[in-house]
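We number each residue from 1, following the sequence as shown.
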Amino acid sequence: MDERDLHDLIGRVRSGGLSRRAFVRRMVAVGLTAPMAGMMLAANGVAMASDLRAGYKPTKAGGGGALRLLWWQAPTLINPHFAIGTKDQEACRIFYEPLAAWDADGNLATVLAAEIPSKENGGLAADGRSVVWKVKPGVTWHDGKPLTADDLVFTWEYARDPATAAVTIGSYKDCKVEKIDDLSVRILFDKPTPYWSDAFVGNVGAILPKHIFAAYTGAKSREAPQNLAPVGTGPYKFVEFRPGDIVRGERNPNYHLPNRPYFDTIEMKGGGDAVSAARAVIQTGEYDYAWNLLVEDEVLKRLETGGKGRVDVVYGGKLEFLLLNATDPNVEVDGERSSLKTKHPAFSDPKVVQAINLLLDRKSIQDYIYGRTGRATANSVNGPERFVSKNTSFAFDPAKANALLDEAGWKKGSDGIRAKDGKRLKLLFQTSINAPRQKTQAIIKQAAAKAGIEIELKSITGSVFFSSDPANPDTFPHFYADMEMYAFSMSQADPATWLLQYVSWEAAAKDNKWQGRNISRWRNPDYDAAYNAAQAELDPVKRAALLIKANDLAVSGNVLPLIHRAEVSGVGNSLVAPRSGWDNDLSFLPEWSRTT
């Protein structure tokens, strides 16, 4: 298919002669992804739209009884702008909503927005410097107050204030939001911005009520009672929250979508482990839904046999990766470990980083642990297809790793462990407690031993490791270890926000309460330059090339991708639970129901 044919097809979609779905199918047939096809239409003035709601069957709200969700990592707070881990983001999504969400095809679907901005409806400026969002009329907060443009402006001010220490600051600090009227805002950018659908979209886009949070901004932000007792616009109203244990809600009778929600109550239970969560849904049916089943595929298949539920696998942008600390976790500077003022004694040498990469047996990790639920990868960005680098590769080569360590001056002692300048090559490797992660740790430790590297393994309870508590030294953003492993999701069908986790200005540190996205503290001026250039490039081809360059720089540094993970959930046989690999599991919670 040449460029002329492509423009003809896009023109037919614009004129109504070809459906969006048919266009996407044609693009997939020639090797593109659905999200890429959707963004291609948007870039050519065809408004994004989602037909997900067309599959909703109930004809009235309520009557569905209790919806029982099982999260084996329990949430610890319910403020979406402080939600570091996915568990907290998901709890927030029960009560708070953004203007729009990414659906399974990578299209933007309206939530609180009246429509998705496009060139066609006048929402997108031709110069790429502004976008107009219109708020859906008639939406009310759970306390009955109306949602207005003032709430959007307030959310922007709240999130961008450094004193708030919001994890979403990166999505709001470089734009300006101004009120047009009671139901419209304009987002202004100081330069052409191709990725305009960041602020107020997806898991970083939840809108806060000004009348509730206005007294708790900046340095007072952590004192707000509503950090634990949310007042949102979502399908369920808050009933109870016990941090580290349970979240309860009841149906919002004034929800802004017709015939929704279907369920009368919702319970999000936390704790346990992934295997017990899988068993409670797939085998026994005690719960309706289990999140993030990081369980060996062999175990999942056994549970499905004759069980009361099924495994639901959705691929999006989730990555299981290994981070190498660019700073020294064993040295304290001004009361801070892993300080940006230090350098790691081993990982500051690129040859050592390369050696560690060659000791990662990704293929075995895929084959023996993940099966259908994960794919070995050398890339941080694994979709949409136009953003996936073809320049990277991975190999398991202990012999070459040994040679690199020799070249770097790390010599083996009589006990087989390498040392340099009197310091042994002993590394602390931490992750959360979960069977696949502990097995992955064991595989990596065994390979490292053959290269003369001593690894001490540390496993931390998930609710602690992924806690957003700035006083907890065992959280993954503190990173008081040499190596750590976990998964994160690229929750937009565009890698701009995802790749922020490697820019130098996002380094997690004491002065930002460890809220920065850059957990490894790896800093590279070439990466920063490529990322910044991509954010001002309106040509989609040139922009994709810059983002691919950024990916390549990151994975050649202290970021070591392991597995492109599917979003794996356990779903009761009667539960209808549409999900998107490009957003939170609960991003389309209002569409959930049961078959009868």
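Not a single salt bridge (charged side-chain N to carboxylate O under 4.0 Å, His left out) links Arg375 to another residue, sequence neighbours left out. Under the ring pair (Phe, Tyr, Trp, His ring centres under 6.0 Å) criterion, Phe189 pairs with no residue at all, not counting sequence neighbours. With sequence neighbours excluded, the residues forming a side-chain contact (heavy atoms from CB on, under 4.5 Å) with Glu157 are Val153, listed by chain and number. Every residue two or more places apart in sequence or in another chain that forms a ring pair (Phe, Tyr, Trp, His ring centres under 6.0 Å) with Trp71 is listed here: Tyr289, Trp291. A search for ring pair (Phe, Tyr, Trp, His ring centres under 6.0 Å) contacts involving Phe241 returns nothing, not counting sequence neighbours. Remark: Asp161 pairs with Ala163, Thr164 by the side-chain contact (heavy atoms from CB on, under 4.5 Å) rule, at least two apart or across chains. Val167 meets the side-chain contact (heavy atoms from CB on, under 4.5 Å) test with Ile84, Gln515; sequence neighbours excluded. A search for salt bridge (charged side-chain N to carboxylate O under 4.0 Å, His left out) contacts involving Glu304 returns Arg372, not counting sequence neighbours. With sequence neighbours left out, Arg594 forms a salt bridge (charged side-chain N to carboxylate O under 4.0 Å, His left out) with Asp288. Every residue two or more places apart in sequence or in another chain was checked for a salt bridge (charged side-chain N to carboxylate O under 4.0 Å, His left out) with Asp151, and none qualifies.
For the pair Arg310 (side chain) and Gly572 (backbone), a donor-acceptor distance under 3.5 Å is present.
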Ignoring hydrogens and angles, write down the donor-acceptor pairs under 3.5 Å from the side chains of residues 128-136, residues two or more places apart or on other chains.
residue, atom, partner, partner atom, Å
Arg129, NH1, Asp190, O, 2.9
Lys136, NZ, His256, O, 3.2
Lys136, NZ, His256, ND1, 3.0

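Counting only residues at least two apart or in different chains, salt bridge (Lys or Arg N to Asp or Glu O under 4.0 Å) contacts with residues 78-94 comprise Arg93-Asp583.
Ring centers of Tyr486 and Phe321: under 6.0 Å apart, within the cut-off.
Between Arg543 and Tyr195 the shortest heavy-atom distance is NH2-CB, 3.2 Å.
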Verify side-chain contact (heavy atoms from CB on, under 4.5 Å) between Asn382 and Phe387, making sure each step is shown before the conclusion.
-> CA-CA 7 Å; Asn382 291 281; Phe387 298 116; over 6 Å; no
